[in-house]
Amino acid sequence: MTHDAQRSFETAWSDGRVADLRDALAGWYHAGHRKLPWREDISPYRVWLSEIMCQQTQVATVIPYFHRFLSAFPTVTDLAAADEQDVLALWAGLGYYRRCRNLHAAAKVVANELGGVFPGSAAELLALPGVGRYTAAAIASIAFGEVAAVLDGNVKRVLARLDAEDTPVNTGPGERLQWALAEKLVSRDDPASHNQAMMELGAVVCKPGTPDCPRCPVSDVCAAFAAGTPDQYPVKKKKKKAVAVRGVAAVCVDDDGRILLARRPDDVLLGGLWEAPGGPVDGSTAKDSGGGEDDGAGRAALTQHLSERLGIRDAPGAYLGAVTHVFSHRRLTLDVYQLRATKGSSRDPLSFYTAASWFDASALGSQHAPLSRLTEKVLELASDVQVWP
Ligand code: SF4
């Protein structure tokens with residue numbers, strides 16, 4: 001944080017202003033907050049599970065996953081003992097699969113090395129796979145009442161507006177400033193409610209775009225509200241544009257309507273998930289790499305991948321169309337082709353993939369094959385154009 005930012009931060013938040021904020025926030029939260037399943041029967045396991053699931057995913061999407069996970073794995077020991085493929089299959093659709101792998105790895109640490117008991121402080125929780133400063137503080141404050149501040153996307157927006165802070169929140173100095181402010185404001189008496197109230201305020205009142213200031217419990221201490229400029233915050237530094245990349249995939253169906261899927265290696269993007277086999281198109285990291293059309297480069301790349309990776313020598317058939325998917329820094333256009341195959345035409349993977357198998361296309365969701373959202377899009381495309389017999 002710059003000296004100027006530090007100075008204005010120190011003077012702007014007098015003890016009285018901090019106390020007013022804490023009181024108003026607590027009163028509002030206790031008067032009626034959203035009923036969320038992880039706010040009942042609070043335990044470190046439930047809080048941890050919900051916090052990992054809610055990272056980069058909306059609460060409404062998470063709720064059914066949360067229930068399914070708890071029903072399948074009622075305790076952290078049950079989760080640790082589960083087969084990774086089963087855990088990934090239950091996670092399928094939530095995206096960001098590294099979160100799921102880390103979740104499983106952390107469960108094993110807690111179950112196998114800590115006797116099934118979560119560490120009792122934010123500092124110790126940080127040692128678990130996939131647990132960063134925010135998640136550690138959320139678990140420690142909500143489950144153990146530790147005075148530890150949280151800073152997620154919702155809280156960042158609220159703090160930036162409360163402070164009318166011009167330092168971009170997505171830069172190192174901006175982030176340090178926000179952590180310092182969050183630590184200053186967190187209630188010493190009830191950090192659990194305070195942190196949940198801050199997150200709730202960002203989710204339901206101080207929303208992206210135009211916040212609902214007339215309903216806001218802390219408008220009296222909000223600098224952006226006083227200046228009439230809430231929609232100017234948070235200030236963000238523009239990110240680099242996502243790089244366009246191109247890939248190809250084959251929807252390979254046999255005479256019985258079964259589809260061939262292959263399992264990706266563990267140490268790559270979407271590791272361990274099953275997909276319609278294929279791969280990148282050479283030179284596909286170029287900005288104008290094309291994609292979204294049936295051309296010789298796409299067919300040649302797919303023929304080569306199928307041959308090298310699975311020993312399939314059949315040429316791609318009809319072009320089915322393209323699906324697009326945005327990863328954090330890449331925008332993938334995947335051209336999808338049909339491939340008619342006879343039973344038994346696949347073999348063990350020769351390279352890249354770790355397994356290949358035929359699946360009943362009409363019951364894929366219930367089978368032992370976790371799919372990425374990208375692969376679901378490919379299957380939806382194939383279904384739309386009625387690839388299945
Ligand atoms: Fe956000 Fe408006 Fe409340 Fe300020 S007054 S914290 S801008 S909702």
Side-chain angles (χ1 to χ4, degrees), residues 1 4-36 39 51 54-60 133-134 137-138 141-142 147-171 173-238:
M1 136 185 18
D4 283 351
Q6 173 80 49
R7 203 164 35 242
S8 73
F9 166 86
E10 296 292 350
T11 49
W13 287 95
S14 64
D15 289 350
R17 187 179 172 203
V18 172
D20 287 348
L21 174 110
R22 289 176 184 162
D23 290 348
L25 200 57
W28 171 77
Y29 184 72
H30 291 301
H33 51 70
R34 289 176 299 172
K35 303 282 176 236
L36 299 175
R39 288 179 177 165
E51 289 298 339
C54 284
Q55 286 168 16
Q56 293 151 312
T57 306
Q58 297 205 331
V59 163
R133 182 174 177 182
Y134 160 75
S141 61
I142 297 170
V147 179
V150 296
L151 189 64
D152 67 355
N154 282 328
V155 177
K156 279 184 182 175
R157 185 170 55 256
V158 174
L159 292 179
R161 287 170 173 167
L162 282 173
D163 219 23
E165 177 54 56
D166 291 319
T167 312
V169 291
N170 56 343
T171 61
E175 181 126 330
R176 284 194 288 282
L177 189 59
Q178 288 230 314
W179 273 113
L181 180 54
E183 297 284 3
K184 184 174 180 89
L185 298 185
V186 65
S187 164
R188 272 52 181 167
D189 301 326
D190 186 359
S193 298
H194 176 95
N195 283 341
Q196 292 180 93
M198 285 293 284
M199 294 190 267
E200 180 102 346
L201 188 70
V204 303
V205 177
C206 194
K207 295 198 260 193
T210 306
D212 192 359
C213 301
R215 271 206 318 130
C216 179
V218 296
S219 56
D220 284 352
V221 293
C222 178
F225 179 66
T229 56
D231 54 359
Q232 292 180 20
Y233 299 96
V235 174
K236 286 187 183 167
K237 192 175 163 187
K238 273 199 176 150

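All heavy atoms count here, side chains included; hydrogens, waters and symmetry mates do not. Remember, it's 1-based here, ligands and their atoms both numbered in the order they're listed.
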Donor-acceptor contact below 3.5 Å, side chain Glu183 vs main chain Trp179 = no
query = In Å and rounded to the nearest 0.5 Å, what is the CD to CG distance from Gln196 to Leu25?
reply = 11.0 Å
Distance-only criterion, 3.5 Å: show the donor-acceptor pairs between side-chain atoms of residues 210-225 and protein atoms not counting sequence neighbours.
{"unit_1": "Asp212", "atom_1": "OD2", "unit_2": "Arg215", "atom_2": "NE", "d": "2.8"}
{"unit_1": "Arg215", "atom_1": "NH2", "unit_2": "Val204", "atom_2": "O", "d": "3.3"}
{"unit_1": "Ser219", "atom_1": "OG", "unit_2": "Cys216", "atom_2": "O", "d": "3.4"}

task = Flag the pair Arg133 and Glu175 as a salt bridge only when some basic side-chain nitrogen lies within less than 4.0 angstrom of an acidic carboxylate oxygen.
result = no
query = Between Gln58 (side chain) and Ala60 (backbone), is there a donor-acceptor pair under 3.5 Å?
reply = no
inquiry  = For the backbone of Leu159 and the side chain of Gln178, can you confirm whether one donor and one acceptor N or O come within less than 3.5 Å of each other?
reply    = no
request  = Sort by chain and number the protein N/O/S atoms found under 2.8 Å from atom 3 (Fe) of ligand 1.
outcome  = Cys216 SG
